[in-house]
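Data block below; observations after.
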There are 2 protein chains.
Amino acid sequence: MEENETLECCNEIHNEVVEKVSSQMPPDEILYDLAELFKVFGDSTRVKIICALFESEMCVCDIAQVLGMNQSAISHQLRVLKQSRLVKYRREGKTVYYSLADSHVQAIFNQGFEHITE
Amino acid sequence: MEENETLECCNEIHNEVVEKVSSQMPPDEILYDLAELFKVFGDSTRVKIICALFESEMCVCDIAQVLGMNQSAISHQLRVLKQSRLVKYRREGKTVYYSLADSHVQAIFNQGFEHITE
DNA sequence: TATATATATGAACAATTATTCATATGAACA
DNA sequence: TGTTCATATGAATAATTGTTCATATATATA
């Protein structure tokens with residue numbers, strides 16, 4: 001991390017661009033939060049969980065079956081998804097049903113899907 | 001990873017759902033690639049680079065200035081972005097100019113942005 | 001050809017994280 | 001109340017990864 005009172009690129013001609021871009025960057029905190037959100041999508045187990053929930057709400061055990069993983073691993077990942085407000089849940093007796101929180105989840109998923117499949 | 005010839009949830013009533021969801025899951029390879037893509041968005045340095053490139057194409061040195069990081073770190077991250085086809089570049093003498101590869105990048109970014117700011 | 005400059009890259013280290021195992025919590029029911 | 005079952009969680013381990021430092025590559029120019 002270098003200090004620069006006046007931002008200067010190695011290429012003097014670019015200093016104007018550097019100043020302009022710097023002034024238009026969103027706050028660090030926003031960009032940090034955004035990275036944290038994408039980090040949640042950046043794990044294949046969680047992507048699979050999200051994808052499964054497109055079809056139907058499911059209990060933890062259901063999801064574990066579909067993914068062929070154990071209950072604990074799924075539960076840990078559901079907590080991550082819950083903390084990012086990507087899934088919601090409802091309790092019914094001993095069973096907890098998870099489902100997708102809102103349409104952004106599908107929108108983000110679809111955009112990514114388009115990118116890799118073109 | 002448990003073996004299950006016939007998928008069975010702890011809740012017998014759910015077996016139908018488990019079978020249906022399982023049959024509609026995209027291939028593992030696709031979901032793995034999708035997670036890899038989002039992983040690239042899941043780092044604040046790379047998110048900042050992407051965000052900076054929304055404004056203008058820039059050389060490596062420009063980007064390093066805007067982010068207040070050293071050239072090597074930026075160059076390493078640009079390679080990651082390049083490998084995921086999120087940025088493209090053109091060489092002009094000693095300088096290499098980077099820019100965003102396509103509109104999916106902005107679309108994914110915007111969807112994420114909407115999610116965290118609502 | 002020798003030098004300077006912009007960028008790329010390999011190795012190493014520190015930090016983060018996904019999974020497993022063991023166990024705890026919470027709800028239903030005998 | 002005690003037992004069973006679905007889910008949650010803490011600790012530990014293994015694997016991944018971002019940054020730094022040192023150095024290599026590639027281009028321009030003297």
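Here is the naming used below: chain letters follow the sequence lines, and residue numbers restart at 1 for every chain.
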Q: Would you mind telling me which of dC5(D), dA8(D), dT19(C) lies closest to the side-chain atoms of Val60(A)?
A: dA8(D)
Q | Atom-pair distance (NZ on Lys94(B); C1' on dT3(C)), nearest Å | A | 11 Å
Q: Return the value, rounded to whole Å, for the distance between atom CG of Asn70(B) and atom P of dT7(C).
A: 13 Å
Q. Between Arg91(B) and Ala73(A), who's closer to the 5' end of DNA chain C by nearest nucleotide?
A. Arg91(B)
Q. Is it true that His115(A) and Phe38(B) have ring centroids separated by less than 6.0 Å?
A. no
Q | Cation-aromatic face contact Lys82(B)/Tyr89(B), 6.0 Å, 45 degrees | A | yes
Q: Measure the distance from CD on Glu36(A) to C1' on dA15(C) and round it to the nearest whole Å.
A: 13 Å
Q: Name the pairing partner of dA18(C), where a pair is Watson-Crick or G-U wobble with both distances under 3.5 Å, or state none.
A: dT13(D)
Q.
Quick check on dA18(C): is either OP1 or OP2 less than 4.0 Å from any side-chain nitrogen or oxygen of Arg46(A)?
A. yes
Q. Tell me: NZ of Lys39(A) to C1' of dT17(D), nearest whole Å?
A. 10 Å
Q: Choose from dT19(C), dA8(C), dT9(D) the nucleotide whose nearest atom is closest to any side-chain atom of Lys82(B).
A: dA8(C)
Q.
Is there a side-chain contact between Thr95(B) and the phosphate of dT27(D), meaning an N or O under 4.0 Å from OP1 or OP2?
A. no
Q) In whole Å, what is the span from the OH atom of Tyr89(B) to the P atom of dA26(D)? A) 12 Å
Q: Look at the side chain of Gln77(B) and decide which nucleotide, out of dT5(C), dT19(D), dA8(C), has an atom nearest to it.
A: dT19(D)
Q) Is the phosphate of dA8(D), meaning OP1 or OP2, less than 4.0 Å from a side-chain N or O of Tyr98(A)? A) yes
Q | Interatomic distance where CG belongs to Leu78(A) and P belongs to dA8(D) [whole Å] | A | 7 Å
Q | Under-4.0 Å side-chain N/O to phosphate OP1/OP2 contact, Gln71(A) with dA6(D) | A | no
Q.
Of the options dG26(C), dT7(D), dT17(C), whose atoms approach the side-chain atoms of Cys61(A) most closely?
A. dT7(D)
Q: Using Watson-Crick or G-U wobble geometry with both distances below 3.5 Å, tell me the partner of dA30(C), or none.
A: dT1(D)
Q) Is a donor-acceptor contact shorter than 3.5 angstrom present between the side chain of His76(A) and the base of dT20(C)? A) yes
Q: Round to the nearest Å and state the distance from Tyr97(A) atom OH to dT7(D) atom P.
A: 8 Å
Q: Return the 5'-most residue of the pair Glu92(A), Gly42(A) with respect to DNA chain C, ranking by each residue's nearest nucleotide.
A: Gly42(A)
Q: Verify the contact: side-chain N or O of Ser72(B) to OP1 or OP2 of dT7(C), cut-off strictly under 4.0 Å; return yes or no.
A: no
Q. Separation of Arg79(A) atom CZ from dT7(D) atom C1', in whole Å?
A. 12 Å
Q) Where the side chain of Asp43(A) is defined as all heavy atoms beyond and including C-beta, which of dT7(C), dA28(C), dA18(C) is the nearest nucleotide? A) dA18(C)
**Q.** Pair Lys48(A) + Asp28(B): basic N to acidic O under 4.0 Å
**A.** yes
Q. What is the distance from atom CZ of Phe41(A) to atom CD1 of Ile108(B), rounded to the nearest 0.5 Å?
A. 10.0 Å
Q | Strand partner of dG18(D), provided both Watson-Crick or wobble distances fall under 3.5 Å | A | dC13(C)
Q: Give, for atom NE2 of His14(B) and atom SG of Cys61(A), the distance between the pair rounded to the nearest 0.5 Å.
A: 8.5 Å
Q) What nucleotide among dT7(C), dT5(C), dG10(D) has an atom nearest to a side-chain atom of Cys59(B)? A) dT7(C)
(Q) If we count only N and O atoms by modelled type, under 3.5 Å, do the side chains of His104(B) and Gln111(A) hold a donor and an acceptor together? (A) no
